[in-house]
Protein chains: 2
Amino acid sequence: MPMVTARDVARLAKTSNAVVSYVFNNGPRNVAPATRERVLAAAAELGYRPNMLARALSAGSTRSIGLIVPDICNPFFAETARALEDAAGEIDHLLLICDAALSPVQEARHVRSLVDRQVDAVVYVSLQDDPDLSLFTESRIPVVALHPLPEGAAASTLTIDYTAAARAATRHLIEHGYREIAILNGPTDSVGARQHERGYEQALAGHAVTAHHWSSPTSRYAASQVAAEELAAHPPRAVYCVTDEQAFGVLHAAHSLGLRVPADVAVVGLDGTANSRVSIPPLTTVQQPTQALASRAIDIVRDPDARDTPVHELLDFTFVARQSCGCHEA
Amino acid sequence: MPMVTARDVARLAKTSNAVVSYVFNNGPRNVAPATRERVLAAAAELGYRPNMLARALSAGSTRSIGLIVPDICNPFFAETARALEDAAGEIDHLLLICDAALSPVQEARHVRSLVDRQVDAVVYVSLQDDPDLSLFTESRIPVVALHPLPEGAAASTLTIDYTAAARAATRHLIEHGYREIAILNGPTDSVGARQHERGYEQALAGHAVTAHHWSSPTSRYAASQVAAEELAAHPPRAVYCVTDEQAFGVLHAAHSLGLRVPADVAVVGLDGTANSRVSIPPLTTVQQPTQALASRAIDIVRDPDARDTPVHELLDFTFVARQSCGCHEA
DNA sequence: TTGTAAGCGTTATCAC
DNA sequence: GTGATAACGCTTACAA
């Protein structure tokens, strides 16, 4: 298949390649209706498709947006990727999904790769609390992080209010009457982790509740290991997990120790992945507004105003009570 | 940040941009060691990074490989994507992950998009039994499908032997002594579905076993719905599911009906995702050789010989007995 | 061994 | 309203 070029189309339409470009871009110059028709007809006849590489090289935009996630095998990030792909598709951009595979080294490689690939913007979920954004800023690539960033970081952020979410989840557990409530937090001391912590503490304040502080990597297996150990030692009556995956791990640990959920241990998660509906038992969780997060992220990153002045936005979450907390007993 | 070009480097190294190119590509011409050093030093000083777009436009290779999966939220495909990203990274290629989101329309859009983006090759897991490969063949983009294709399709295939896998799984259930065994197959009549079916039938042949034929979309929720209905009606003693996700759905359905696994219903899956270790109960499954599949897929698609003559390869699977079938009772 | 220059297929500026 | 033509930054004959 010899590649059909704009020049070929121009030849057939008896005009110049410039006009072909004008037609396919609706500008920057006008073309006479008759000429436009001839060009379109010729293009159709030859099966012409503009060469995106040449277009990108010349025009300076690759019409692509990068996404870096810590772990594509975590369905929450897969769902995020899907929502972003939709949002990007609507503005006719390609989403480049990069999976850090839980490795900071891999993550750094992807940052480099996206810069090299000249993506127009980046949606970033980092493994690090304070990721190095210099490569992006040097290349003037706008970035929006889907998690809180330290004060003064050179990127926009777009998240739910984790403090409020943790508070709501913990409060719900307290209202069930549980008096020994653990928080299963993430593996590192990050801004986000501290927000969960704070919400949990705020909910506990003034209640005669014993706190338990656990932490595990954000994976089902790792959480299961940690939870199994903790549950065997000083079993709390309830656990608030900062991700659904960790909650699923707790569910598994409880099961393997012969503990019933919620009769023996109550569990609440955060993310509201599709799987939370079909876990054993169905998981009570804080639902992230994945669609809204995605479309807003694309808006932010394409907003010329936000390019230089990072914006920080909070979106609303929804608390979903299912069986694992003790509501809706089966 | 004014972009640093090869010309800038050449100027600083007191040589020509051609030599800069020779240095960065190790060819096609040799460069005197001294000159090479000067170029490298100049490049380092200026922070030169070759412009991939210009390189791709000129050289004709984008150093990228496309991947189309039916559903990135299914961890098996996420794990596949991760393995492929590793394999692609080793040859310094970017993996473009495209999620069809269970929509054939979306899938077709991605095919178009990958062709437009001029990827060097494509790894394809299609929703269709007989996907339209013409766009790829016209553009001479080599394709390897990770599932069986109808006779004569213009792409290589690389899979495990699904017939043998289904046979092994079903046979295992028979050896447990179960006499009512269902197969939960995929939603469409595809080559792959027929292979599962055949393996299941082969295992059953000559045994006094009652067969049950179920089918559901490949998602936990959908499988759970179908299984709940079937289990409420004529509960079989065991179920072989053609994917782990469907098996998880059966687990959930059983739980919500108050059926114990494996005491009341035994379940076997196929894929061997990480989650199968931590399901409730841990899932007996046929483990796909994900890493091997990925690296072999990259090899095939880059093999100049296989470019024109599709190859069809079978890789070995591993049967992993855990609790859901009745082995290793907790 | 190195430099010159002609592409690669667009976009966009200028004249006309 | 349209047609030459110069970028965009690189690769790679071809010359020197």
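The sequence lines fix the lettering, A, B, ..., with proteins before strands; numbering per chain opens at 1.
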Exercise for review: Assign N51(A) to base, sugar-phosphate, or nothing according to its heavy-atom contacts below 4.0 angstrom with the strands shown.
Suggested key: sugar-phosphate
Exercise for review: Look at the side chain of Y48(B) and the base of dG9(D), then say whether one donor and one acceptor between them are separated by less than 3.5 Å.
Suggested key: no
Review point. Strictly by modelled atom types, are E313(B) and T157(B) linked by a side-chain donor-acceptor pair under 3.5 Å?
Key: no
Check your understanding: Does D86(A) use its side chain to pair, donor to acceptor, with the backbone of A83(A) at less than 3.5 Å?
Key -> no
**Study point:** Ion pair check, R63(A) and D92(A), cut-off under 4.0 Å
**Key:** yes
Practice item. Whole angstrom is fine here: how far is it from CG in L57(A) over to P in dA7(D)? Key: 14 Å
Exercise for review: Could you tell me whether the side chain of Y22(A) has a donor or acceptor atom within less than 3.5 Å of a complementary atom in the base of dT13(C)?
Suggested key: yes
Check your understanding: Under 4.0 Å between a side-chain N or O of R55(B) and OP1 or OP2 of dT11(D)?
Key -> yes
Point to revise | Comparing A6(A) and R29(A) on DNA chain C - which has the more 5′ nearest nucleotide | key: A6(A)
Check your understanding: For R112(A), does the CZ atom sit with more than 12 other heavy atoms under 6.0 Å from it, leaving out its own atoms?
Key -> yes
Practice item. Round to the nearest Å and state the distance from N26(A) atom CG to dA12(C) atom P. Key: 13 Å
Exercise for review: May I ask you to evaluate whether S16(B) reaches the phosphate of dT4(C), defined as a side-chain N or O under 4.0 Å from OP1 or OP2?
Suggested key: no
**Study point:** Length of the line joining L46(A):CG and dG9(C):C1', which is rounded to integer Å
**Key:** 15 Å
Point to revise | d(CG, N30(B); P, dG3(C)) in whole Å | key: 15 Å
Exercise for review: Would you kindly check whether a donor in the side chain of S58(B) faces an acceptor in the base of dG7(C), or vice versa, at under 3.5 angstrom?
Suggested key: yes
Review point. Are the charged groups of D71(A) and R82(B) less than 4.0 angstrom apart, N to O?
Key: yes
Review point. Over how many whole Å does the gap from K14(B) atom NZ to dT1(C) atom P extend?
Key: 22 Å
Point to revise | Presence of N25(A) side-chain N/O under 4.0 Å of dT11(C) phosphate oxygens OP1/OP2 | key: yes
Review point. Between atom CZ in F24(B) and atom P in dT12(D), what is the gap in whole Å?
Key: 15 Å
Review point. Closer to the 5' end of DNA chain D via nearest nucleotide, is it V31(A) or V20(B)?
Key: V31(A)
Revision key, fill the gap. Side-chain atoms of N17(A) come closest, of dT10(C), dG9(D), dT4(C), to dT10(C)
Revision key, fill the gap. Whole-Å distance, M52(B) CE to dC10(D) P, equals 11 Å
Practice item. Check whether any side-chain nitrogen or oxygen of T5(B) sits under 4.0 Å from OP1 or OP2 of dG9(D), and answer yes or no. Key: no
Practice item. Could you tell me whether A32(A) contacts a base, only the sugar-phosphate backbone, or nothing, with contacts defined as non-hydrogen atoms closer than 4.0 Å? Key: sugar-phosphate
Review point. Tell me, do L40(A) and V23(A) make a side-chain contact under 4.5 Å, heavy atoms counted?
Key: yes
Review point. Between dC10(D) atom P and L53(B) atom CG, what is the distance in whole Å?
Key: 11 Å
Exercise for review: On DNA chain D, check which nucleotide each of R7(A) and R38(A) is closest to and give me the residue with the more 5' one.
Suggested key: R38(A)
